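Written out below as structure tokens is the structure these notes cover.
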Amino acid sequence: MKTINDAINERLSRLRNLKEMESERRVESVYRRFPELRKIDRDLIDVRTSRMICSIENDSEPLPALNKREEDLRAQREQFLKDNNIPVNFSEPAPSCAKCGDTGFVKAKDGRNVVCTACMQGALDEVFTASGLKDYSTYTLKSFDLNYYDKGSTGNARRKAFMGIRGLMEGKDMKKLQLLTGPVQSGKTYLAVICCKYAIMQGLSSCYIKADKLGELGNSEIEEFKSYDIIFIDDYSAEVTKLYRTATALHNILEARLAAGRATVIISSSSIEILVADSDERVAGKLRLAGTL
């Protein structure tokens, strides 16, 4: 599956090709107006070629003269550009995105590198759709409220869970399989979707899936799920593992991810005790060792 980094690299590759053509056009335009500059640049190329040949042939005798010739040509070129008001970087087109300078990333307020929405929004939407988030276009980071709900004396549960998931993304020393449990309609799905988008925005490969869809995955898709930086398995219940195909897919995905140290978040409305007691034993063994958000 295409990740956001794949999309950014594709865009940068296209831009490089366009910029090379634009650079050639700009250089030729300046050379037509100033043939003297063309001659200076050609003489510089000849001098540098001669130096390279001397290096290959281990002949150092001509080097002092060549070095002096290059120094004179560079000074002549610099003065010519100045006298004719030609920018030093006249061959370099301006970035197509003023916000990120065509890198695909910008600095967030907290100093983190995040995907530039000014030029990559289309690619982000494409990756969100491919990552299982097609039905959640209205769930945006801008509208996300960390203060949505509390759990009494335990403090703000959404903030605590979000910070825990962010720790997973940052590779902090914590269990790579985490359970997020809570009552129905407590905002767990919203949080999982937002965190999946948040991961993608930071250049990570991430995916969201409902637990009952795991049994529908083909072998190649299961292999993809093993390799994402972080995945979110929502609406998990012990009941879904009663289907052998679903339990086997989940077992294989979790086993590979745990072995590779990749982060997985399982979201459920059931208590941890019920999930461990009633899930397929292959899965239950892993849930026993999971952390909680």
Side-chain angles (χ1 to χ4, degrees), residues 1-9 105 112-115 124 126-133 136 141 160-181 188-189 191-237 240-241 245-268 272 275-276 279-293:
M1 164 198 152
K2 182 191 288 188
T3 67
I4 191 59
N5 281 322
D6 294 332
I8 289 174
N9 289 334
F105 287 91
R112 298 169 187 273
N113 284 328
V114 296
V115 176
L124 273 173
E126 180 183 344
V127 173
F128 287 161
T129 296
S131 299
L133 304 172
Y136 302 99
L141 274 71
K160 176 176 176 290
F162 177 82
M163 296 305 292
I165 294 170
R166 194 168 82 171
L168 279 175
M169 296 178 192
E170 295 171 347
K172 290 187 176 177
D173 185 16
M174 55 193 299
K175 293 180 178 179
K176 297 305 178 184
L177 176 59
Q178 293 283 331
L179 295 176
L180 174 61
T181 61
K188 299 185 303 301
T189 291
L191 176 62
V193 168
I194 288 298
C195 285
C196 187
K197 289 187 175 184
Y198 182 80
I200 293 169
M201 285 288 295
Q202 294 192 75
L204 300 176
S205 59
S206 183
C207 201
Y208 170 90
I209 189 171
K210 298 286 189 180
D212 61 359
K213 298 297 182 183
L214 290 169
E216 301 174 10
L217 298 178
N219 290 335
S220 62
E221 292 172 309
I222 289 175
E223 290 305 311
E224 285 185 350
F225 268 84
K226 292 178 182 179
S227 64
Y228 287 109
D229 293 320
I230 183 169
I231 65 172
F232 298 85
I233 300 173
D234 197 6
D235 287 348
Y236 177 78
S237 67
V240 302
T241 64
R245 186 177 176 85
T246 301
T248 299
L250 181 56
H251 162 69
N252 290 338
I253 289 169
L254 293 180
E255 190 163 79
R257 295 186 63 78
L258 287 169
R262 296 192 175 99
T264 305
V265 180
I266 293 179
I267 302 99
S268 179
I272 297 170
L275 295 178
V276 171
S279 292
D280 178 283
E281 184 55 34
R282 294 171 296 173
V283 177
K286 297 173 178 59
L287 297 181
R288 289 189 187 96
L289 302 176
T292 57
L293 295 165

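Only heavy atoms go into these numbers, but all of them, side chains included; no hydrogens, no water, no symmetry mates. Being a predicted model, the structure only gives us computed values, none of them experimental.
Between Tyr228 and Cys207, the closest side-chain pair of non-hydrogen atoms falls below 4.5 Å. You'll find the side chain of Asp235 reaches within 4.5 Å of the side chain of Thr189, heavy atoms only. Between Asn113 and Gln202 there is no side-chain heavy-atom pair separated by less than 4.5 Å. Two residues are said to be in side-chain contact when any heavy atoms from C-beta on lie closer than 4.5 Å; Val265 and Ile165 meet this criterion. Residues Ser268 and Leu275 form a side-chain contact, since some pair of their non-hydrogen atoms from C-beta on lies under 4.5 Å apart. Side-chain contact between Leu293 and Leu179 is absent, with no heavy-atom pair separated by less than 4.5 Å.
Residue Ile222 comes nearest to Ala249 through the heavy atom pair CD1-CB, 4.0 Å, listed as atom of the first residue, atom of the second, then distance. For the pair Ala247 and Arg282, the tightest heavy-atom approach, listed with the atom from each and the gap, is CB-NH2, 3.5 Å. Between Asn5 and Gly203, the shortest heavy-atom distance links the atoms ND2-O, 2.6 Å. Listed here is the closest heavy atom pair of Ser206 and Ser131: O-OG, 3.2 Å. Among all heavy-atom pairs drawn from Arg262 and Ala260, the shortest one is NH1-CB, 3.2 Å. Summarising the geometry of Asp229 relative to Arg257, their closest heavy-atom pair is O-NH2, 3.4 Å, with the distance given to 0.1 Å.
One distance of note links CG of Leu214 with OG1 of Thr241; it measures 11.0 Å at 0.5 Å rounding. Taking CG from Leu250 and CD1 from Ile233, the interatomic distance works out to 5.0 Å, rounded to the nearest 0.5 Å. Between the CD1 atom of Ile267 and the CG atom of Leu191 there is a distance of 8.0 Å, given to the nearest 0.5 Å. Rounding to the nearest 0.5 Å gives a distance of 6.5 Å between CE of Met201 and CZ of Phe128. Note that CZ of Phe225 and CG of Leu254 are 11.5 Å apart. Values are rounded to the nearest 0.5 Å.
Each side chain to side chain donor-acceptor pair (under 3.5 Å) pair with one or both residues in residues 166-179, not counting sequence neighbours, appears once here: Arg112-Glu170. Counting only residues at least two apart or in different chains, side chain to side chain donor-acceptor pair (under 3.5 Å) contacts with residues 283-293 comprise His251-Lys286, Glu281-Arg288.
Judged as a side-chain contact (heavy atoms from CB on, under 4.5 Å), and not counting sequence neighbours, the contacts of Asp212 are Lys210, Val240. Contacts of Tyr198 classified as ring-ring contact (aromatic ring centres under 6.0 Å, His included), with partners at least two apart in sequence or in another chain: Phe162. With sequence neighbours excluded, the residues satisfying side-chain hydrogen bond (donor to acceptor under 3.5 Å, both in side chains) with Ser279 are Tyr236. Residues forming a ring-ring contact (aromatic ring centres under 6.0 Å, His included) with Phe232 (at least two apart in sequence, or on another chain): none.
Looking at Thr3, its side chain never comes within 3.5 Å of a backbone N or O of Ser205 through a donor-acceptor pair. No donor-acceptor distance shorter than 3.5 angstrom exists from the side chain of Asp234 to the backbone of Ile209, with no hydrogens or angles considered. Under a 3.5 Å cut-off, the side chain of Arg245 and the backbone N or O of Glu216 do not form any donor-acceptor pair.
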Practice item. Please step through side chain to side chain contact (heavy atoms under 4.5 Å, CB included) for the pair Leu287 and Ile272, ending with a clear verdict. Key: CA-CA 8 Å; Leu287 297 181; Ile272 297 170; over 6 Å; no
Check your understanding: What's the verdict on side chain to side chain contact (heavy atoms under 4.5 Å, CB included) for Leu289 and Leu177, showing C-alpha distance, side-chain angles and the deciding distance?
Key -> CA-CA 8 Å; Leu289 302 176; Leu177 176 59; over 6 Å; no
**Study point:** side chain to side chain contact (heavy atoms under 4.5 Å, CB included) evaluation trace for Ile231 with Ile253
**Key:** CA-CA 10 Å; Ile231 65 172; Ile253 289 169; 4.0 Å; yes
Point to revise | Pair Met169-Leu204, side chain to side chain contact (heavy atoms under 4.5 Å, CB included): steps then yes or no | key: CA-CA 8 Å; Met169 296 178 192; Leu204 300 176; 3.8 Å; yes
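More than 12 heavy atoms of other residues, nucleotides or ligands shown are found within 6.0 angstrom of NZ on Lys226.
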